[in-house]
Amino acid sequence: MTTTEGVIPSSGSKGDSVDDSGMDGADVSLMDEARQPLSRKVNIASSLINPYRMVIVLRLVVLGFFFRYRILNPVPNAFGLWLTSIVCEIWFAFSWILDQFPKWFPINRETYLDRLSLRYEREGEPSHLAAVDVFVSTVDPMKEPPLVTANTVLSILAVDYPVDKVSCYVSDDGAAMLTFEALSETSEFARKWVPFCKNFNIEPRAPEVYFAQKIDYLKDKVQPNFVKERRAMKREYEEFKVRINALVAKAQKVPDEGWIMQDGTPWPGNNTRDHPGMIQVFLGHSGGLDSDGNELPRLVYVSREKRPGFNHHKKAGAMNALVRVSAVLTNAPYFLNLDCDHYINNSKALREAMCFMMDPTVGPKVCYVQFPQRFDGIDLHDRYANRNTVFFDINMKGLDGVQGPVYVGTGCCFRRQALYGYDPPIQPKKPSMACDCLPGWLCGPRHSKKKSGKSKKTEQKKQPPVRTDSTVPIFNLEDIEEGMEGYDDDKSLMMSKKNFEKRFGQSPVFLASTLLEEGGVPPSASPAGLLKEAIHVISCGYEDKTDWGLEIGWIYGSVTEDILTGFKMHARGWRSVYCMPRRPAFKGSAPINLSDRLNQVLRWALGSVEIFLSRHCPLWYGYGGRLKFLERFAYINTIVYPLTSIPLLVYCTLPAICLLTGKFIIPTISNIASLWFLGLFLSIIATGVLEMRWSGVGIEEWWRNEQFWVIGGVSAHLFAVIQGFLKVLAGIDTNFTVTSKGSDDQDQFAELYLFKWTSLLIPPTTLLVINLVGVVAGISDAISSGYSSWGPLFGKLFFAFWVIVHLYPFLKGLMGRQNRTPTIVIVWSVLLASIFSLLWVRIDPFLIRATGPDQKLCGINC
Ligand SMILES: O=c1ccn([C@@H]2O[C@H](COP(=O)(O)OP(=O)(O)O[C@H]3O[C@H](CO)[C@@H](O)[C@H](O)[C@H]3O)[C@@H](O)[C@H]2O)c(=O)[nH]1
Ligand SMILES: [Mn+2]
């Protein structure tokens with residue numbers, strides 16, 4: 001390493017004067033090490049990836065021939081069936097292409113934590129690591145038990161990072177006194193828990209999981225007092241748990257006069273839909289020390305103001321409130337976002353993120369570092385594909401080789417400036433914010449090369465301040481703090497300030513904070529004044545007529561705010577990074593019973609449909625910007641996948657229809673034609689196998705994913721499409737139903753077998769019933785009509801089995817623990833199946849009737 005590039009930390013101003021200090025040989029080699037990059041891309045071995053790519057190309061070719069055969073060979077006596085099946089197949093092929101090509105360049109990454117430390121944590125100097133604000137969102141303490149949130153908070157407070165650089169903000173969207181009190185208890189318990197974690201270097205630092213571990217906890221522990229201290233700590237935790245449980249028990253029934261706080265005043269959040277903003281700071285430098293006499297990270301409780309008549313924008317709104325509160329109180333240049341159940345499982349997680357963010361060459365272009373979601377408490381066989389490894393270990397790695405992984409809502413470390421809507425610093429093409437509405441040539445004067453001088457001038461003034469040279473702020477901090485009078489003589493500056501307010505809202509302190517790229521708050525600021533301002537920035541009206549949720553922060557308009565928020569940044573040309581440390585950085589819980597799981601995927605699919613129908617639809621949004629082609633492909637895939645439910649539902653009914661009518665979607669097949677079928681089948685299997693080889697995903701996980709793709713497809717995705725269109729056409733709003741994060745005391749499997757009725761169960765059940773009926777009918781028909789009919793039957797049975805095998809986990813879910821399907825499901829399905837069969841007998845649209853001399857193509861029974 002000889003270049004000077006990479007020597008100076010990204011902060012620049014904090015430049016460590018490496019060269020003028022006298023050093024001996026060992027020091028020099030250490031310094032050399034410190035100059036090395038903090039991470040490395042690891043390409044997948046070409047022996048693994050090249051065959052994969054070859055098979056993809058092959059599959060594409062075979063697919064071409066397959067369709068040629070299918071289209072040129074209609075089935076004369078079942079034209080409708082044939083046409084329907086072909087339309088479905090074309091859509092499946094199209095959605096395969098959308099899913100496949102963003103996986104062309106998968107990569108892995110490796111981080112060097114020791115270099116990070118060498119570079120930014122010199123002995124005898126204060127640490128130069130950047131500060132990180134951690135955001136935790138919670139909304140409903142009944143579904144999201146306070147103990148779960150407490151564990152997440154404890155894991156954050158005990159993270160392996162300088163304490164003065166970490167602050168934890170908890171957003172309580174339910175304005176629950178229970179959450180508040182539980183947090184207060186947690187902050188007290190943290191005084192003992194944090195030093196324990198750090199002294200003995202334990203993992204994970206969420207006590208519930210730590211104490212439940214069934215591994216040898218003495219492995220590589222050397223301190224003699226560890227056993228004693230651990231036992232004492234375990235007791236302390238149990239007592240803490242009892243206190244939390246007592247709070248929960250007390251909170252079960254609301255007293256008539258509402259909740260009263262410990263100091264005797266009524267809880268301001270008694271009306272959860274109509275209450276003022278609330279902030280409480282625990283711990284931190286003025287909050288006392290831990291039991292070892294060290295400072296603790298700051299912990300801040302935030303419940304944003306809620307009033308009737310305001311749209312609060314669910315989680316996205318809560319996150320934006322936290323962005324502003326944290327900007328006013330601590331203003332770390334990076335923040336990490338976690339769901340209340342996603343605890344830090346690897347105490348070095350923040351350092352892992354900093355290996356990208358603080359790398360002088362890689363860092364400045366990175367808007368966020370996303371970690372995979374990993375889960376605890378999932379049933380052994382992961383019946384409903386909760387782990388989602390195909391997505392997290394295949395698709396996301398693929399995207400990392402393009403422009404970066406999508407943001408998945410949790411376990412993601414952001415660059416604050418990127419969320420403020422700024423462009424990435426290096427801009428070879430255009431100096432200002434990319435037009436992100438239409439293709440460039442459609443955008444009028446703003447993008448045309450020839451501009452009249454006049455229009456150019458006014459335009460520049462109108463544009464929001466964009467710091468293209470990221471070190472030169474448009475105004476000084478002092479100017480803003482001085483207030484308006486300072487600008488009287490400089491109208492253009494006034495103008496910019498107005499625009500600045502229009503963008504970020506009317507808080508001078510917040511505006512000033514956005515100009516501090518290194519983060520931090522002015523030392524002169526008084527804590528009381530800052531708190532007052534923090535309350536101001538979480539008020540209901542604050543975002544009115546600003547860019548919050550439209551252009552900056554978490555973007556509104558979809559219940560999968562995460563996809564939209566990440567997309568917005570990629571469209572501006574930022575790149576994101578996928579970071580998979582060997583020990584998973586974060587872990588969370590997932591809904592493992594069928595109904596909750598279906599409702600979760602319903603919400604995700606609904607969010608996608610909402611994006612599809614919004615102005616941010618990746619099909620037409622963001623041209624002329626710097627969104628990479630394959631990245632766009634991936635985003636299109638994430639928003640159109642729910643539509644696949646329609647052809648999927650149709651396709652899954654086809655085998656039943658074929659078996660009941662004796663017709664088929666394929667004409668009697670020739671040898672050469674069967675080759676295309678076989679080829680397609682083999683290439684599908686081959687891509688799957690090779691994909692599993694380069695990604696390390698196991699066959700069972702892969703198969704579960706296939707199954708759940710069908711189960712979710714014919715239920716949740718279908719409902720999402722309907723609800724999404726209803727929202728647009730009839731204005732029915734969608735809601736964010738949180739999943740319940742089961743408490744740990746329950747029987748491990750009670751949750752899996754829990755059965756809750758939901759209409760989502762109807763379509764898959766109906767499909768199962770008609771296909772089973774079809775199989776029985778087909779076989780009995782073949783038995784009665786003799787040997788010759790077995791050949792054609794085989795193909796149909798194959799298709800019916802395909803459907804049944806995919807729906808098998810669903811069937812298991814219906815059975816519950818007692819292996820008895822609830823009556824209501826049976827009633828509904830039998831009803832639907834019989835209506836369906838009756839209609840069939842009456843209408844029979846797929847058949848062409850050859851009655852009389854002039855054969856007619858006719859849909860209905862005439
Ligand atoms: O009005 C709301 C609704 C939800 N939440 C929080 O959002 C998080 C996610 O909710 P959860 O029910 O656990 O949803 P999941 O389906 O498990 O979450 C995934 O999908 C969501 C988008 O649908 C993302 O927001 C999440 O980060 C991502 O983990 C939780 O911390 C909630 O407390 C709020 O803060 N306010
Ligand atoms: Mn969750």
Side-chain angles (χ1 to χ4, degrees), residues 134-146 148-149 151-153 156 169-176 179 272-273 301-304 306 310-323 336-343 368 370-378 384-388 391-392 406-414 538 549 554-567 586-593 596-611 638-639 642 712 716 720 724 733-742:
V134 185
F135 300 168
V136 177
S137 58
T138 182
V139 58
D140 179 352
M142 294 303 144
K143 280 181 159 181
E144 307 180 320
V148 172
T149 312
N151 267 276
T152 303
V153 168
I156 296 165
Y169 291 84
V170 178
S171 155
D172 176 17
D173 242 0
T179 308
T272 53
R273 293 193 184 156
Y301 170 88
V302 179
S303 181
R304 59 193 168 127
K306 291 251 174 104
F310 284 88
N311 186 346
H312 295 289
H313 301 292
K314 299 146 204 155
K315 181 184 166 192
M319 296 319 290
N320 282 339
L322 284 193
V323 171
L336 170 72
N337 148 240
L338 295 174
D339 288 350
C340 60
D341 58 338
H342 276 244
Y343 63 88
Y368 59 82
Q370 175 69 60
F371 294 82
Q373 284 189 32
R374 300 293 188 220
F375 303 93
D376 281 332
I378 289 177
Y384 306 119
N386 272 298
R387 287 189 206 283
N388 232 340
F391 174 75
F392 285 114
V406 299
Y407 163 46
V408 296
T410 179
C412 187
C413 181
F414 289 92
I538 57 168
W554 265 257
I555 306 298
Y556 301 151
S558 164
V559 278
T560 47
E561 75 299 325
D562 41 6
I563 300 296
L564 196 48
T565 304
F567 176 59
F586 309 101
K587 278 188 166 188
S589 60
I592 58 167
N593 74 75
D596 286 351
R597 174 70 169 138
L598 287 178
N599 272 308
Q600 183 187 41
V601 287
L602 167 66
R603 162 152 51 74
W604 291 346
L606 183 56
S608 290
V609 180
E610 286 176 311
I611 300 172
T638 48
I639 58 127
D733 197 22
T734 52
N735 58 357
F736 191 122
T737 322
V738 284
T739 57
S740 28
K741 285 94 186 162

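Order of appearance sets the numbers: ligands from 1, and atoms from 1 within every ligand.
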Check this for me: does any side-chain nitrogen of one of K315 and D562 sit under 4.0 Å from a carboxylate oxygen of the other?
no
Test item: E610 side-chain N/O and G724 main-chain N/O as donor-acceptor pair under 3.5 Å:
no
Hits for salt bridge (charged side-chain N to carboxylate O under 4.0 Å, His left out) against R597, two or more places apart or cross-chain, chain-then-number order -> none
By salt bridge (charged side-chain N to carboxylate O under 4.0 Å, His left out), R387 pairs with (sequence neighbours left out) none
Write down, by chain and number, every protein residue that brings a non-hydrogen atom to less than 4.0 Å from an atom of ligand 1.
S137, T138, V139, E144, D173, K314, K315, D339, C340, Q373, V408, G409, T410, V559, T560, E561, D562, Q600, R603, W604, F736, V738, T739, K741
All side-chain contact (heavy atoms from CB on, under 4.5 Å) counterparts of T638, not counting sequence neighbours:
I563, Y635
Look at the aromatic rings of Y556 and H313 and report parallel, tilted or perpendicular, splitting at 30° and 60°.
parallel
